[in-house]
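Here's the structure, in structure tokens; my notes come after.
Predicted, not measured: the structure shown is a model, and the values here were computed from it. Residue numbers start from 1 in every chain, and the chains themselves are labelled A, B, ... in the order their sequence lines are given, proteins ahead of strands.
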Number of protein chains: 2
Amino acid sequence: MFQLSKRVEYGLIAMRHMAARSAGQICTAKEIADRYHIPYELLAKVMQRLAKKGFITSYQGVHGGYILVRSPNDLKVSEIIKAIEEKDTVTILQCEAESPEDCIIHTTCTIKDPLVKLQNSINKVFDDLTIMEMV
Amino acid sequence: MFQLSKRVEYGLIAMRHMAARSAGQICTAKEIADRYHIPYELLAKVMQRLAKKGFITSYQGVHGGYILVRSPNDLKVSEIIKAIEEKDTVTILQCEAESPEDCIIHTTCTIKDPLVKLQNSINKVFDDLTIMEMV
DNA sequence: TGAAAATACGACCATTCAAGTCTGAATTAT
DNA sequence: ATAATTCAGACTTGAATGGTCGTATTTTCA
């Protein structure tokens, strides 16, 4: 509970790794998987997702791999989490996640307002950390 | 992912509810379950846990129920989360949760340090919000 | 031209966890 | 006694997560 998924952890490790490389240098999924002892197939899927979302560019073929698109200091951790989880919010409250009407509690939910404020504070924390600061 | 569990949500709702009551007034699990349309059995278990951890005092029997032990402005949200989840840390990183040796990555994990800092910021957010501020 | 190295994509499985339910106690006021 | 409550488990179900596998497709290069 209240943990980042392995997918996100792997994604952050990969992004950090690429950021540490000199710009424009290509990285393969295999190389990263080996280096950090993480399962290749899973990492590969994460990177494919990151590629699809435009964070990294993919190159197929023998000397293929991935390259960072944006500058590390322009890459918020929050963005990467959202991309990997395919959500557009990082939400601690469950009722927020689905459509508000689905939540039976909704109308009587007394903790929502204070926790939304708390949510904003947490979002800020994730927004403020960039990949740049991780390398 | 990255959400509070229903248990925690229900627990916070219950704690807030009791805090809103005049001090010393007894509340039953059934009353709270009805009031907020949450499943009684689940809420009951959450409150039993909170009782065991000393946040509320339980009274059995016909006019039994629960009463807040401490003052609402002394009740950090972080404490309640930890009590309900039976963890002594609220941890976003998975490698942190188990014993560090279990994590194969551990030795090569590059994102740990920065995320621990981020963790601290988040902890602060949960520490700073009290039940008092929710009522 | 064929083999090798890489990404791309989807199906699949196993395990865990959360949520919820149920059953049966023990306690206590009336 | 009976009813209302907490207490303590076991149990079921469903979904999500982590991980694996198989099979394309693309590209380089010997």
In whole angstrom, what separates Y10(B)'s OH from dA19(C)'s P? 7 Å

Salt bridge flag under 4.0 Å for residues R70(B) and E79(B): yes

Starting from P on dA18(C), measure out to CD on E85(B) and report it in whole angstrom. 6 Å

Within the side chain of E9(A), is there an N or O that forms a donor-acceptor pair under 3.5 Å with the backbone of Q94(B)? yes

Which nucleotide in dG19(D), dA19(C), dA8(C) has an atom nearest any side-chain atom of Y66(A): dA8(C)

Whole angstroms only, please: what is the CD1-C1' distance between I38(B) and dT21(C)? 16 Å

If you check every side-chain atom of S58(B), which of dA5(C), dG18(D), dT6(D) has the closest atom? dT6(D)

From CD of E9(B) over to P of dA19(C), roughly how many Å is that when rounded to an integer? 8 Å

Output yes when at least one side-chain N/O atom of H63(A) is less than 4.0 Å from OP1 or OP2 of dC29(D), else no. yes

Under-4.0 Å side-chain N/O to phosphate OP1/OP2 contact, Y40(A) with dG18(D): no

For atom CD1 of I84(B) and atom C1' of dC17(C), their distance in whole Å: 17 Å

Note: A83(B) and R49(B) closest approach over all heavy atoms is O-CD, 3.9 Å

Could you go through nucleotides 8-16 of chain D and list every protein N or O atom that sits under 3.5 Å from one of its N or O atoms, giving the distance for each pair?
unit_1  : atom_1 : unit_2 : atom_2 : d
dA10(D) : N6     : K45(B) : NZ     : 3.2

Would one find a side-chain N or O of Q94(B) under 4.0 angstrom from OP1 or OP2 of dG18(D)? yes

Listed partners of F2(A) passing ring-ring contact (aromatic ring centres under 6.0 Å, His included), at least two apart: F2(B), F126(B)

Should V125(A) and L118(A) be counted in the same cluster of Ile, Leu, Val, Met, Phe, Trp and Tyr side chains packed under 4.5 Å apart? yes

Does D113(B) come within less than 4.0 Å of K117(B), counting only side-chain N to carboxylate O? no

Round to the nearest Å and state the distance from F2(A) atom CZ to dC17(C) atom P. 18 Å

E85(B)/R7(B) salt bridge by N-O under 4.0 Å criterion: no

Does R7(A) place a side-chain N or O at less than 4.0 Å from the phosphate oxygens OP1/OP2 of dT17(D)? no

Considering only heavy atoms and no angle criterion, is a donor-acceptor pair shorter than 3.5 Å present between the side chain of Q60(B) and the base of dT6(D)? yes

For S78(A) and D127(A), does a side-chain donor sit closer than 3.5 Å to a side-chain acceptor? yes

Nearest-nucleotide 5' precedence on DNA chain C, M47(A) against V62(B): M47(A)

What residues from residues 15-31 of chain A pass a heavy-atom cutoff of under 4.0 Å to DNA chain C? T28(A), A29(A)

Can you tell me the distance, in whole Å, between the CD1 atom of I67(A) and the C1' atom of dT7(C)? 14 Å

Are K124(A) and D128(A) close enough for a salt bridge, meaning some N to O gap below 4.0 Å? yes

For residues Q3(B) and T91(A), is any side-chain donor paired with an opposing acceptor at under 3.5 Å? no

Rounded off to whole Å, could you give me the CG-to-P distance for the L4(B) and dA18(C) pair? 12 Å

